[in-house]
Asker: 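Please see the structure below; I have some questions.
Throughout, a chain's letter reflects where its sequence line sits, starting with A, and its residues are numbered from 1. Just so you know, these numbers use all the heavy atoms, side chains as well, and skip hydrogens, waters and symmetry mates.
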2 protein chains.
Amino acid sequence: MTEPTPEASGSGEPPSKNALKKAQKEKEKAEKKAAAKARELAERQKKEADDAADVSVDSYGELPLIGSKDFKPTGKPRVDLADIEKLEDTEITFRCWVENARVQSAKLAFLNLRQGLNTVQAVVAASDKLSKQMVKFCGNVSTESTLAVTGLVKKVKEPIKSASIKDFEIHITALFIEVKAEVPLPLQVEDAERPLPSEGLGDEDEKASETGDARPLVGLNTRLNNRTLDLRAKINHAIFVIKSGVCALFQEFLSQKGFILIHTPKILGAASEGGANVFELKYFDRPAYLAQSPQFYKQMLIASRFQKVMEIGPVFRAENSNTARHLTEFTGLDLEMEFQENYHEVMSVLEDLMLFIFKELNSRYEKETELVRSAYHVEEFKLPESGKVPRIPFTEGIQMLRDAGEELGDYDDLTTPQEKHLGRLVLEKYNSDFYVLDQFPLAIRPAYTMPSPANPLLSNSYDMFMRGQEILSGAQRIHNADLLAEMMRKHDPPVDPNGLGTKDYVECFRYGCPPHGGGGFGLERIVQFWLGLPNIRMCSLFPRDPQRVIP
Amino acid sequence: MTEPTPEASGSGEPPSKNALKKAQKEKEKAEKKAAAKARELAERQKKEADDAADVSVDSYGELPLIGSKDFKPTGKPRVDLADIEKLEDTEITFRCWVENARVQSAKLAFLNLRQGLNTVQAVVAASDKLSKQMVKFCGNVSTESTLAVTGLVKKVKEPIKSASIKDFEIHITALFIEVKAEVPLPLQVEDAERPLPSEGLGDEDEKASETGDARPLVGLNTRLNNRTLDLRAKINHAIFVIKSGVCALFQEFLSQKGFILIHTPKILGAASEGGANVFELKYFDRPAYLAQSPQFYKQMLIASRFQKVMEIGPVFRAENSNTARHLTEFTGLDLEMEFQENYHEVMSVLEDLMLFIFKELNSRYEKETELVRSAYHVEEFKLPESGKVPRIPFTEGIQMLRDAGEELGDYDDLTTPQEKHLGRLVLEKYNSDFYVLDQFPLAIRPAYTMPSPANPLLSNSYDMFMRGQEILSGAQRIHNADLLAEMMRKHDPPVDPNGLGTKDYVECFRYGCPPHGGGGFGLERIVQFWLGLPNIRMCSLFPRDPQRVIP
């Protein structure tokens, strides 16, 4: 510190040039401060005067953080807007959020308010009982803020186009901001309402909209990077209400058939279903693996005499596939059951299950289905009028494709384009978007698949399809330990029946395990193909793929 | 090779002593073989003669592997033994397995047969229509074999003690082994029916039984090493039927309240809830982590306007705790909901939910509950007669413990023994095994917990207890991004609000997220404490702890 800084100059010395400048500055500062204070006081006085004149002063404003104040409730019950028809000419209070708010004039403002999948128009009009200050406040509430609104339910003469509630509007009498949304939003919810450009896999948002709309279409990556805002879109709410519904229907149907819900481990001591495509983790001082399916465990539970089991749980696949139909983590809907004489008993349960789900989606989730399908211009999901699901032998499927010009061998696996082609052929022939292929070639199925008694190159296994895409893979499983061990050794690639993760599985079939079969659905695929959506990521709340583990 | 071995001696040389011996041996061998062949022939002829005389030859035997023959079903419907009362004097066919079989005499054999949780006695008696050969076959079927049995349902005069069906027995007319169980079984199912010695954590099976029973009690590790046989015990079936039931009741109650079922990711890009106790995995070319709870995601979905969400899914904790109440993987029952004015709205939903579950377990799962509790001599689960769940402020709980002689500070966390002690005190005072502690000290809760308006050292958080043990932890969460970031930085240990896994979470509260709260139950704990079981591993099909990832 050889040179003193201005502020460090000794107090006993005469004022330097710098010191004079400083004094001058401080004087100016003090004057400014005084002026600001005076201004503030004037403003406060004006506001107090305005407030005194503001007849609505207690009917609007911003609430303190809820929970940081005492617990005394207002006692005003909050209303569900779904019940609005019963509430004409009643004053109601409800929680909602702001789609948009606009000041029409000094005396009039409009708001579009949303609650769940419902939207309603609200009006706030100045009168001798409602101040212009309140109108101004309401018309300037930031989009996406959460409100407690009180108002009169009034019938309108002309249906309101911009809201889902068309015959009523709210005449606001009180409006409090419960939680204010900051501006600007990183993603506009109204942009998230619009369909994805194509499969949405490109990193870039599309500059030119196909619809001729002036706004650019927002790409999938941008949406997923801002997923909590993206998910606010009604179209997304509808997708996940349907997804929740499929789970509920799956359980409802199977519970009635006597299935119990199981929870099998997701951490495995060995990569028992084959080493490829499996995630490895550190389990204390040893390696462990994430379950690629509950296959071995659900079968072991059949061996434990749980006659019919179902599971809903995460399934992990370390596949480096960046397609519109792959996820590294998805939700498996699994079931396994003993049968008496014939694995077709299992297939019948699976078919009836899906017919039940489709039927109930059509009735219980009609609104949500319509909301999504109309945005994507998707046709309805066709089901056979006879109620009988087309059950097509694999060899017949091959023949249909050959007749349509595809070249493929008797025991070849179908490619994705061939599957889709077959889907179109089946739709033409059977008028159904849902069907089953039965008796797949043995060589392309897992080692535990029961060979077919009709042809040793085929197997008692099946896939289910929606709109030409696979949603389920299933089979009769080998329930004899010696045959199972033999088939594992002969499999390509071979599986060691005495391995760490396979020994308990193979051995459990030595002690009287009944014949059984089952299958595993991909939940996101059922939702995707039901709605006809272009990308499976749209059916996962926070999708995981090789590029994405955040958020 | 200097000395030729006997078999290697040259052919041109005269027969040596050894060669003579060899010729002699071969002659004897040939004679033995001929004798064996003759014996075999005689046996076959005798069997053929017996079979010809065997009037029952088509009524018993071992079936070929089901599925390996053609698909033609017998058309005989299989009966559920639960319906037996309606079937008196009817001939029925049913799938079952063998608890035990014994030959009483050349003309009489008994079998104990099981199907699900039902057991029935069956008799096979020789007559002019039923051969002694069949009696012998039936009485020698190996334990745990799976059968298709046909027989007449007959009412008995004396109730049968050894079976769950006491008033009827089966008079067998046909018996086919569908799947034969090998002998010996590595674990006897009847041993698995008996209670565990103490908490069952010792590696050794107990040599001396406390009950004075001659059979040793089989320890938990032996049972878990042979889990597929262990699980066949009726007591274990009952536990997992109840576990399935708790899930169904959880969903049933919450669905009716408008909750939707969500599936949040289990693979996370960052150890967002703190780096301790988290499993790390290899995610392609980067590290990732297993979710310790769906906490951040369920809150982000509230920010996405899903007003009420629930999740049932695996939860992973890398805690090196080898206790009777810890698992490294368990099933979380999670819920999160917006509330209007007071987080006690959330607590009321949680309390009503649990009361509903308890009530319905008592009615719908009475049989299973009784079966398990009677084996472990567990008292019934007491609920308050008023229907009002004791909701005890944490400070009051501390005072109750102090009055009972415990020494602890106002803001100390409770130890497990203190929690159990408080459980006994609450049971005495309120006559309830279920209660809630409210307003926990802020310092012992996660950073996202809303501080209490009444006392900044407390928080709007709560735990729920069954029989003095915690089953749920929950709270109002901070729904303001700035306050949340501040509390995260001030937390011990501090959490970075701008971290890879925290940034999206904190930021989502900038855009109008409503006030909300929730909680997470441990499903296995609910089942354990409902039934009063000594070890949580009993409530997991294939439990995971630091020592166990197999089977």
Asker: Whether the side chain of A:Q340 engages the backbone of B:F94 through a donor-acceptor N/O pair (distance < 3.5 Å, no angle test) should be reported.
Answerer: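 Not confirmed, A:Q340 side chain does not pair with B:F94 backbone.
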Asker: Just verifying a value: how many Å separate B:E507 CD and A:L229 CG, rounded to the nearest 0.5 Å?
Answerer: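 Going from CD on B:E507 over to CG on A:L229, the span is 10.5 Å.
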Asker: Check each atom of A:N225 against the heavy atoms of chain B and say whether the ones under 4.5 Å are side chain, backbone, both or neither.
Answerer: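 For A:N225, the backbone is the part near chain B, not the side chain.
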Asker: Side-chain contact, heavy-atom cut-off 4.5 Å: B:M300 with A:L541?
Answerer: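 No, side chains not in contact.
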Asker: Does one side chain, of A:T228 or B:R305, offer a donor that lies under 3.5 Å from an acceptor on the other?
Answerer: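 No, because no side-chain N or O of A:T228 sits under 3.5 Å from a partner of the opposite role on B:R305.
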Asker: Decide yes or no for B:F279 and A:I267: does some side-chain heavy atom of the first lie under 4.5 Å from some side-chain heavy atom of the second?
Answerer: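 Yes, close enough: below the 4.5 Å cut-off.
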Asker: Counting only non-hydrogen atoms closer than 4.5 Å, does A:P456 touch chain B with its backbone (N, CA, C, O), its side chain (CB onward), both, or neither?
Answerer: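 Neither part, no heavy atoms under 4.5 Å.
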Asker: Determine whether A:E341 and B:R78 make a side-chain contact, defined as any pair of heavy atoms from C-beta on separated by less than 4.5 Å.
Answerer: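 A side-chain contact under 4.5 Å exists here.
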Asker: Looking at B:G512, is its backbone amide N or carbonyl O close enough to the side chain of A:E178 to form a donor-acceptor pair, meaning the two atoms are under 3.5 Å apart?
Answerer: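 No, A:E178 side chain to B:G512 backbone: no donor-acceptor pair under 3.5 Å.
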Asker: Within the 4.5 Å heavy-atom criterion, are A:T143 and B:Y511 side-chain neighbours or not?
Answerer: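 When only atoms from C-beta onward are counted, B:Y511 and A:T143 do not touch, as no gap falls below 4.5 Å.
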Asker: Once the angle between the rings of A:H237 and B:F306 is folded into 0 to 90°, is it parallel (under 30°), tilted (30 to 60°) or perpendicular (over 60°)?
Answerer: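 Taking B:F306 first and then A:H237, their aromatic rings lie parallel (interplane angle under 30°).
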Asker: For B:E319, is it the side chain, the backbone, both, or neither that has a heavy atom closer than 4.5 Å to a heavy atom of chain A?
Answerer: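 B:E319 touches chain A through backbone heavy atoms alone.
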Asker: Could you tell me which residues satisfy ring-ring contact (aromatic ring centres under 6.0 Å, His included) with B:Y505, sequence neighbours excluded, listed by chain and number?
Answerer: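 B:Y505 satisfies ring-ring contact (aromatic ring centres under 6.0 Å, His included) with B:F296, B:F509 once adjacent residues are dropped.
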Asker: How close do B:H263 and A:I312 get, heavy atom to heavy atom, and via which atoms?
Answerer: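 So the minimum-distance heavy-atom pair works out to NE2-CG2, 3.8 Å.
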Asker: Test your reading of the model: is there a side-chain donor-acceptor pair from B:N342 to the backbone of A:G67, 3.5 Å cut-off?
Answerer: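 No, because the side chain of B:N342 does not come within donor-acceptor range (under 3.5 Å) of the backbone of A:G67.
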Asker: With a 4.5 angstrom heavy-atom cut-off, which part of A:L63 approaches chain B: side chain, backbone, both or neither?
Answerer: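 Neither part, no heavy atoms under 4.5 Å.
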Asker: After noting the C-alpha distance and the side-chain angles of A:L268 and B:R544, does the key distance pass the side-chain contact (heavy atoms from CB on, under 4.5 Å) rule?
Answerer: CA-CA 9 Å; A:L268 309 185; B:R544 295 294 181 249; 4.1 Å; yes
Asker: Less than 6.0 angstrom separating the ring centers of A:Y283 and B:F316, yes or no?
Answerer: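 Not close enough - the centres of the two rings lie 6.0 Å or further apart.
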Asker: Is B:P515 close to A:V179 at the side-chain level, that is, under 4.5 Å between some pair of heavy atoms?
Answerer: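 They are in side-chain contact.
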Asker: Would you say the side chain of B:V549 lies within less than 4.5 Å of the side chain of A:Y289, judging by non-hydrogen atoms?
Answerer: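 Result no, sub-4.5 Å side-chain heavy-atom pair not found.
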Asker: Does B:L281 reach the side chain of A:L290, with side-chain heavy atoms less than 4.5 Å apart?
Answerer: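 A side-chain contact under 4.5 Å exists here.
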Asker: Could you report the tightest heavy-atom contact between A:G269 and B:I550, atom names first, then the distance?
Answerer: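 What the structure gives for the nearest pair is CA-CD1, 3.9 Å.
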Asker: Let's test your reading of the structure: which of B:A181, B:S244, B:S255, B:S304 forms the most heavy-atom pairs below 4.5 Å with chain A?
Answerer: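 Between B:A181, B:S244, B:S255, B:S304, the count favours B:S304.
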Asker: Report the option among B:P186, B:P287, B:P543 that has the most heavy-atom pairs separated by less than 4.5 Å from atoms of chain A.
Answerer: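 Highest number of heavy-atom pairs under 4.5 Å: B:P186.
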Asker: Heavy-atom pairs under 4.5 Å with chain A: which of B:N236, B:V183, B:I478, B:D504 has the most?
Answerer: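 Of the candidates given, the most pairs with chain A belong to B:D504.
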Asker: For B:R95 and A:P514, indicate whether the former's side chain and the latter's backbone hold a donor-acceptor pair under 3.5 Å.
Answerer: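 Looks like no, no N/O pair under 3.5 Å.
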Asker: Hey, what do you get for CG (A:L261) to CD (B:Q251), rounding to the nearest 0.5 Å?
Answerer: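 One gets 7.0 Å once the value is rounded to the nearest 0.5 Å.
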Asker: Out of B:E338, B:K243, B:R548, B:M310, return the one with the most heavy atom pairs under 4.5 angstrom to chain A.
Answerer: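 Most pairs with chain A among the choices: B:E338.
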Asker: Among B:P546, B:S145, B:P314, which residue has the highest count of heavy-atom pairs closer than 4.5 Å to chain A?
Answerer: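 The candidate making the most pairs under 4.5 Å is B:P546.
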Asker: Given heavy-atom pairs under 4.5 angstrom as the criterion, report whether the side chain, backbone, both or neither of B:E182 touches chain A.
Answerer: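 Both backbone and side chain.
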Asker: Are any of the side-chain heavy atoms of A:M450 and B:L65 separated by less than 4.5 Å?
Answerer: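 Result yes, sub-4.5 Å side-chain heavy-atom pair found.
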Asker: Show the numbers, then the answer: is there a side-chain contact (heavy atoms from CB on, under 4.5 Å) between B:K282 and A:K282?
Answerer: CA-CA 9 Å; B:K282 280 186 233 166; A:K282 280 187 231 163; over 6 Å; no
Asker: Does any heavy atom of chain A fall under 4.5 Å from the side chain of B:L483, the backbone, both, or neither of them?
Answerer: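 Contact with chain A is through the side chain of B:L483 alone.
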Asker: Determine, stepwise, if the pair B:F542 / A:I262 fulfils side-chain contact (heavy atoms from CB on, under 4.5 Å).
Answerer: CA-CA 11 Å; B:F542 297 95; A:I262 56 169; over 6 Å; no
Asker: Most heavy-atom pairs under 4.5 angstrom with chain A, which of B:Q307, B:K503, B:E280?
Answerer: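 Heavy-atom pair counts peak at B:E280.
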